[in-house]
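Numbers here simply count residues along the sequence, with the first being 1.
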Amino acid sequence: MEQPTPEARGRRAGQPGRTSAAAPTGPRKFTSKGLATRSRIIAAAAELVSARGVARTGLEDVQRRAGVSVSQIYHYFTDKDDLIRAVIAHQADSILAAQRPVLDELDSFDALDRWHDLIIDLQEQRDCIGGCPIGSIAAELADNDPCARQDLVDSFERWEAPIRAGLARMRSRGDLRTDTDTDALALALLTALQGGLLLTQTRRNTTPLRAGIGAVLAHIRTYATEQTQRRDRQMQ
């Protein structure tokens, strides 16, 4: 009896087929109705992945949650891997949208403080449940799915880029010393944020998040120029 291919077995179980990643296809065009259906499928998958994780989310689960047929899922996505990559992009979009416009204006110490407060507020609104949507996916896929790992790298870069740009503007304006490594500080902020989100999710309070981001922000202030320090003292 002929054995099913790994991709076929994966589809039956609602799991990713590993043969498709080697043959990427070009961008596909859909009607506005088709795009709406595709977005509904991605949103449904994102909700399930956030609640259950990638491994415990099958295509049949997504089908039921989105109210679509199996054929519709395979019309918009080649397999589960393809859908999860779309979920990663969706989660990154959602994270950045929730932090804008504050995230795009991180070019002063006051703005950095506002961003810190916004991050804390967002977690408190969620009762500290869920952690980081893309961080949770990274914990599952980074070691065994190269394509998804690269998408996650790109998503974190989208998050880090405005932090890096804001700090660079502060250095160019003279708020930070000329020897300030703004790239390293931006990475440190994002690292503190990710670790803080994980511990906040685990402990169900924002103390770790406050401590992590607050420590890095305090370190960034040590790079303030004398002019900036004098201005801050005058404003106090």
Any side-chain heavy-atom pair from L118 and L103 closer than 4.5 angstrom?
-> no

Which residue, L199, L197, T202, forms the side-chain contact (heavy atoms from CB on, under 4.5 Å) with P208?
-> L199

Do the side chains of Y74 and I42 join up, straight or via other hydrophobic residues, at under 4.5 Å, putting them in one cluster?
-> yes

Can you tell me if D104 uses its side chain to pair, donor with acceptor, with the backbone of P101 under 3.5 Å?
-> no

Going only through I, L, V, M, F, W and Y residues with side-chain contacts under 4.5 Å, is there a path from L35 to F77?
-> yes

Step through the shown structure and confirm whether more than 12 heavy atoms of other residues, nucleotides or ligands are within 6.0 Å of CG on D179.
-> yes

Side-chain heavy atoms of H219 within contact of T222, under 4.5 Å | yes

A192 and G212 have their tightest heavy-atom pair at CB-O, 3.5 Å

Report yes if the side chains of L176 and T225 come closer than 4.5 Å at any heavy-atom pair, otherwise no.
-> no

With hydrophobic residues grouped by side-chain heavy-atom distances under 4.5 Å, do V70 and L83 end up in a single group?
-> yes

Apply the test side-chain contact (heavy atoms from CB on, under 4.5 Å) to residues L217 and L189: give CA-CA distance (whole Å), side-chain angles for both, the deciding distance (0.1 Å), then the verdict.
-> CA-CA 8 Å; L217 291 180; L189 259 180; 4.0 Å; yes

Quick one: does I129's side chain get under 4.5 Å of R204's, heavy atoms only?
-> yes

Shortest non-hydrogen pair, R173 vs D175, comes out as NH2-OD2, 2.6 Å

Does R52 pair with E140 as a salt bridge, N-O distance under 4.0 Å?
-> no

Do the side chains of L167 and T180 get nearer than 4.5 Å, heavy atoms only?
-> no

Are S155 and Q91 close enough that some pair of their side-chain heavy atoms sits under 4.5 Å apart?
-> no

Determine whether L187 and I119 fall in the same hydrophobic cluster, where Ile, Leu, Val, Met, Phe, Trp and Tyr are linked whenever their side-chain heavy atoms lie under 4.5 Å apart.
-> no

Transitive ILVMFWY side-chain link L198 to I213, under 4.5 Å | no

Atom CD1 of I88 and atom CZ of R149: how far apart are they, to the nearest 0.5 Å?
-> 11.5 Å

Residue from L106, L112, D107 passing side-chain contact (heavy atoms from CB on, under 4.5 Å) with F109 = L112

Should R221 and D113 count as an ion pair when the cut-off is N to O under 4.0 Å?
-> yes

Between D145, D151, D154, which is the residue that forms a salt bridge (charged side-chain N to carboxylate O under 4.0 Å, His left out) with R85?
-> D151

Mind checking the OG-CD1 spacing from S50 to I134? Nearest 0.5 Å is all I need.
-> 11.0 Å

For the residue pair D110 and S108, confirm or rule out a side-chain donor-acceptor distance under 3.5 Å.
-> no

Kindly compute the distance separating CD (E124) from OG1 (T200), expressed to the nearest 0.5 Å.
-> 9.5 Å

Show your working on side-chain contact (heavy atoms from CB on, under 4.5 Å) between V153 and Q150 and close with a plain yes or no.
-> CA-CA 5 Å; V153 168; Q150 186 56 56; 3.9 Å; yes

Can you check whether Y223 reaches M170 side chain to side chain, under 4.5 Å on heavy atoms?
-> no

Tightest non-hydrogen contact, residues L209 and Q123, listed as CD2-CG, 3.7 Å

For the student: nearest non-hydrogen atoms of E160 and D183, plus distance = OE2-O, 4.1 Å

Which atom names give the shortest non-hydrogen contact between H116 and G214, and what distance separates them?
-> CD2-N, 4.3 Å

Q229 side-chain N/O to A224 backbone N/O, donor-acceptor pair under 3.5 Å | yes

Would you confirm whether R56, through its side chain, and A51, through its main-chain N or O, come within 3.5 Å as a donor-acceptor pair?
-> no

Any chance CZ of R203 has more than 12 other-residue heavy atoms, nucleotides or ligands included, within less than 6.0 Å?
-> no

Counting heavy atoms not belonging to E226, are there more than 12 under 6.0 Å from its CD?
-> no

CZ/R65 to CG/L48 distance, rounded to the nearest 0.5 angstrom?
-> 4.5 Å

Just wondering, do W159 and C132 contact through their side chains at under 4.5 Å, heavy atoms?
-> yes

Could you grab the distance from atom CZ of R100 to atom CD1 of I95, nearest 0.5 Å is fine?
-> 11.5 Å

If you round to the nearest 0.5 Å, how far is CG of L96 from CZ of R158?
-> 5.0 Å

Looking at R169 and E105, does any basic side-chain N land under 4.0 Å from a carboxylate oxygen?
-> no

Work out which heavy atom in I41 is nearest to a heavy atom in Y76; give both atom names and the distance.
-> CD1-CD1, 3.9 Å

